[in-house]
Amino acid sequence: MGDIVRRILIILAMVLLLGSAVLGVAVYSIPVDSKEYLGAKVEYRQSFIFGPNFEIELPQKGYGIVTVSLLLPNGSLMDLGTFSGQDKIKISYGRLVKAAEIWDLHLKTANIDPSAVSPSLLLMGTLQDENGNVKYFIKAVPINVGKVLEGRSIQVKLPRESSKTLYSGAQIREKFRPAGPQKANGDAASAATENWPPSFDYDQCYPVCDPWTGICYPICLVWKLEEVITSAPDTIIPLAAFQVTGNTNAINAVVITALYKQKTVQNLELSFSAAAALEKGDSSSSIEAEVAGFSYTINTKDLSIPGSDTLIWGSRITSPSVIGAGIKGNVVLAKYRLYWWNGFSSLPLGDVAYVILGKPDEGDMNLRSFVEPGWPGQDGGIMRKTMWFVHSYWEPSFYKEETGRLVVYDLNYVQSTQTLPLFAASAAVLGTLSYSNLELAPFVMAVGVGFNTDSVQYSLLHVAFLLKEEYQDGLVAGKVYSSKIKFHYNGNEYKLAGMYGDVYVSTGGNLPPCEKRTGICPLSGDSDSQ
């Protein structure tokens with residue numbers, strides 16, 4: 001009888017144990033919170049039994065390798081490592097916690113709730129699809145600081161359209177056919193650092209077989225951070241800049257407003273978007289630009305951001321001048337290079353990716369105004385550099401004129417340039433960074449500022465040029481610019497647009513003159529000298 005009782009108790013215990021495990025799995029499978037960022041879905045779950053984990057679901061089925069970095073408060077990038085897997089990739093949760101602790105200290109020092117802030121996790125990846133093609137993806141996905149410190153399990157699901165073909169299967173076989181396994185020597189070993197070669201199972205990399213010998217060996221294509229070209233802490237990120245010419249004596253004031261305050265009730269996220277560009281190094285060298293995602297978001301419900309405006313009196317403006325406004329923040333421009341790795345030696349390839357990320361100063365989101373006399377130029381101040389950048393690398397896209405004033409919302413640009421609300425206040429920050437090779441400028445051009453919403457178009461910035469009472473019959477004409485390069489998003493291509501333009505004040509019917517130094521005619525769009 002005693003044996004029977006013992007057996008019953010053992011069976012009951014096993015049932016309870018299995019039931020608890022099943023219950024735990026069932027609870028684990030229910031997302032606690034889910035966010036979507038430009039198609040990338042981030043799910044946070046309660047962790048049970050096995051502790052928190054962090055998983056990346058690849059854009060499509062296949063073997064993938066991902067280099068992971070996180071944006072830090074000072075605008076620098078923290079390398080979290082290189083990871084690999086089939087269809088899904090597990091990321092070290094411990095390394096993510098270390099980065100979150102740096103953010104936690106920074107935010108608490110500034111009296112900011114860590115759960116209100118989500119810095120970017122930058123994913124630089126390659127994957128081999130079922131047809132043997134090697135694809136790449138660059139994605140910036142915000143990860144909430146508070147939820148990491150709570151020990152929530154995280155799953156990031158990347159949208160299918162985020163992967164693009166890097167090499168076809170035939171190109172891979174041809175490109176690497178002569179480069180069989182060999183021991184590292186000479187220049188091939190020069191890539192080695194304390195974090196290199198990457199610590200993943202390279203036996204699972206893309207197999208390449210020599211059709212003549214039949215010998216197969218793995219080839220790994222891995223993105224490696226080659227250089228942080230510039231990291232600019234405590235810089236000014238321009239949100240609006242205008243070259244002003246004509247009868248500037250007629251200007252009463254210019255008012256620039258950032259409409260943050262009215263958004264707090266909407267429980268939206270104020271977002272900074274990350275831009276990226278891939279320069280392919282093969283014979284058909286080409287540039288592919290895209291908005292990689294969000295480099296930073298602030299939950300405007302948990303963190304109250306006041307509305308901000310700045311007024312520039314006309315008495316401060318001479319002809320020519322460049323005026324504008326910006327917010328204090330940090331910006332980083334990073335360069336990644338693709339490396340070939342076969343388990344024995346590594347070789348840098350010609351494929352290079354540039355990524356630019358930005359974040360505001362959470363404790364001071366107030367607009368700062370600038371008036372800089374003179375034409376736009378590389379040797380000028382923040383706004384003159386910005387307009388030099390815009391004149392050099394962007395193109396006219398939108399014209400508007402009014403009598404007695406000129407009032408423009410960034411929503412006007414959204415509608416006129418057929419872009420997105422997210423890109424409506426794109427900051428041309430490269431023009432303000434101290435990097436000598438500005439040939440990068442046409443490729444990686446902006447950090448966008450907007451609100452994370454796909455359903456409603458919210459206006460963020462608005463600029464008003466107001467003439468004095470005695471000049472109410474005067475004409476204020478403006479021409480704004482957008483990027484020449486189109487950025488990929490959700491299957492379509494868009495130009496970055498923003499509050500960057502030329503304004504001419506006419507009180508006598510005169511047309512604005514062409515700029516003698518550059519040959520740019522502010523309103524005609526003709527770039528030939530006249």
Side-chain angles (χ1 to χ4, degrees), residues 24-73 77-105 107 114-127 137-159 162-163 195 198-201 204 222-223 225 269 274 292-297 299 336 355 357:
V25 172
V27 172
Y28 177 84
S29 66
I30 300 174
V32 174
D33 189 16
S34 179
K35 294 278 189 180
E36 187 166 324
Y37 301 100
L38 294 184
K41 183 177 289 186
V42 183
E43 294 180 349
Y44 300 94
R45 300 180 173 94
Q46 292 282 7
S47 302
F48 294 93
I49 304 176
F50 303 111
N53 63 66
F54 185 15
E55 186 177 80
I56 306 292
E57 184 174 308
L58 295 173
Q60 61 187 94
K61 291 185 179 300
Y63 180 78
I65 304 171
V66 179
T67 298
V68 185
S69 307
L70 190 91
L71 182 70
L72 293 181
L77 286 170
M78 180 176 180
D79 181 14
L80 300 188
T82 302
F83 308 89
S84 64
Q86 183 72 33
D87 302 339
K88 297 179 180 180
I89 297 178
K90 292 189 180 296
I91 309 298
S92 169
Y93 201 94
R95 296 181 189 179
L96 182 63
V97 168
K98 289 181 180 179
E101 287 173 345
I102 296 174
W103 269 103
D104 184 55
L105 178 61
L107 295 171
S115 65
V117 170
S118 299
S120 173
L121 187 78
L122 180 61
L123 306 173
M124 303 286 299
T126 61
L127 67 90
F137 56 90
I138 305 172
K139 203 67 180 174
V141 183
I143 299 296
N144 188 267
V145 174
K147 289 182 171 59
V148 173
L149 296 176
E150 290 173 7
R152 302 290 181 94
S153 287
I154 304 170
Q155 184 178 47
V156 175
K157 298 180 179 180
L158 300 180
S162 63
S163 64
N195 296 320
S199 56
F200 59 84
D201 185 4
Q204 298 184 53
V222 186
W223 290 108
L225 178 61
E269 287 180 296
F294 292 136
S295 65
Y296 187 82
T297 71
N299 189 308
Y336 287 79
V355 183
L357 306 168

To the nearest 0.5 Å, what is the distance between [atom1] on [X] and [atom2] on [Y]?
X   : Y    : atom1 : atom2 : answer
L70 : M78  : CG    : CE    : 8.0 Å
I56 : K157 : CD1   : NZ    : 12.5 Å
R45 : D33  : CZ    : CG    : 11.5 Å
I91 : F83  : CD1   : CZ    : 5.0 Å
F54 : Q155 : CZ    : CD    : 10.0 Å

Are [X] and [Y] packed together at the side-chain level, in the sense that at least one heavy-atom pair is separated by less than 4.5 angstrom?
X    : Y    : answer
I154 : K147 : no
L80  : L121 : yes
R95  : V68  : no
V148 : Y93  : yes
E57  : K41  : no
D79  : L225 : no
M124 : V355 : yes
Q46  : R152 : yes

Can you give me the closest heavy-atom contact between [X] and [Y], atom names plus distance?
X    : Y    : answer
W103 : V145 : CB-CG2, 3.8 Å
P52  : S153 : CA-OG, 3.3 Å
Y296 : P119 : CD1-CA, 4.1 Å
P142 : F294 : CG-CB, 3.6 Å
A100 : L149 : CB-CD2, 3.9 Å
S162 : F137 : O-CB, 3.3 Å

*asked:* L77 vs L357, test: side chain to side chain contact (heavy atoms under 4.5 Å, CB included). Steps then yes/no.
replied: CA-CA 9 Å; L77 286 170; L357 306 168; 3.6 Å; yes

*asked:* My understanding is that only residues two or more places apart in sequence, or in another chain, count here; which of them pass side-chain contact (heavy atoms from CB on, under 4.5 Å) with Q86?
replied: Y63

*asked:* Using side chain to side chain contact (heavy atoms under 4.5 Å, CB included), reason through N144 and N299 one step at a time and then give a plain yes or no.
replied: CA-CA 10 Å; N144 188 267; N299 189 308; over 6 Å; no

*Give me the one residue out of I138, T126, V66, T82 that meets side chain to side chain contact (heavy atoms under 4.5 Å, CB included) with W223.*
T126

*L122 vs L71, side chain to side chain contact (heavy atoms under 4.5 Å, CB included): CA-CA, chis, key distance, verdict*: CA-CA 8 Å; L122 180 61; L71 182 70; over 6 Å; no

